[in-house]
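As the structure is a computational prediction, the values presented were derived from the model and not from experiment. These values consider heavy atoms only, across backbone and side chains, with no hydrogens, waters or symmetry-generated copies. Each residue takes its place number in the sequence, starting with 1.
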Amino acid sequence: RLVTQHFTPKAIMVYEQRVRQLANQFLDEVQGRAEFDLVEDVIRAIPPMMVGHILGVPEADQAHLGRLVDASLAYDPNSEPTQLEDGVRKGSGSHMEIAQYIARLLAERTANPQNDLISLLTKAEVDNLLIGKAHSNHVHAFSVYSNSAGDPAHEHLVEGTTGIEQ
């Protein structure tokens, strides 16, 4: 219920326009090439940029944050121990950078709220607890989960987080 105002039919129409704009932008970038990879060159960047847009991540930072989320998920828990350790190390570094970024964005949105989910979460209360101030790690987790939705490695992120919380 907390975030429903960002998913009304009117809001979805605005998001659809943004998706079309991004698709056209990325298609323009590959125009004239003899070959290109539709997924890598056009489609892959759109979901994290849209999630970033909805969360309130400035457009200039959306692609970078999307790459960090990808890096945080880029490990296979079934891989060889040395590969797993390397993947976890890289993922942990990406999580730290995301956490630092989200902490800065939370502070900025607390001081200067916008019409976005991060601003909403800075003011949100659950059981009389102000989420944004008391638990910025929850906003960070929400941001990572949102950005990773639809990623095949999302399941691994959820499994890993569940293991850490236990």
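The distance from atom CG of Leu65 to atom OH of Tyr101, rounded to the nearest 0.5 Å, is 6.5 Å. Separating the CD atom in Gln62 from the CG atom in Leu22 is a distance of 7.5 Å, to the nearest 0.5 Å. Atoms CG and CD1, from Leu55 and Ile118 in turn, are 5.0 Å apart once rounded to the nearest 0.5 Å.
Residues Gly66 and Pro48 approach most closely at CA-CB, 3.6 Å, considering heavy atoms. Heavy atoms only, all atoms of each residue included: Phe26 and Val42 are closest at CD1-O, 3.5 Å.
Hydrophobic clustering (ILVMFWY, side-chain heavy atoms < 4.5 Å, transitive): Val57 and Val14 are in distinct clusters. When the side chains of ILVMFWY residues are joined at heavy-atom separations under 4.5 Å, either directly or via intervening members, Leu38 and Met49 end up in a single hydrophobic cluster.
Proximity of a side-chain donor or acceptor of Arg109 to a complementary backbone N or O of Gly56 within less than 3.5 Å is detected. Ser119 places a side-chain N or O within 3.5 Å of a backbone atom of Gln114 that can act as its donor or acceptor partner.
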- request: List the steps, then state whether salt bridge (Lys or Arg N to Asp or Glu O under 4.0 Å) holds for Glu59 with Arg18.
  value: CA-CA 11 Å; Glu59 187 174 339; Arg18 178 70 178 139; 3.3 Å; yes
query: Does the pair Asp70 and Arg44 meet the rule for a side chain to side chain contact (heavy atoms under 4.5 Å, CB included), with working shown?
result: CA-CA 10 Å; Asp70 283 349; Arg44 185 175 187 84; 3.4 Å; yes
- prompt: Please walk me through it: do Arg20 and Gln17 pass side chain to side chain donor-acceptor pair (under 3.5 Å)?
  reply: CA-CA 5 Å; Arg20 289 177 187 279; Gln17 292 171 359; over 6 Å; no
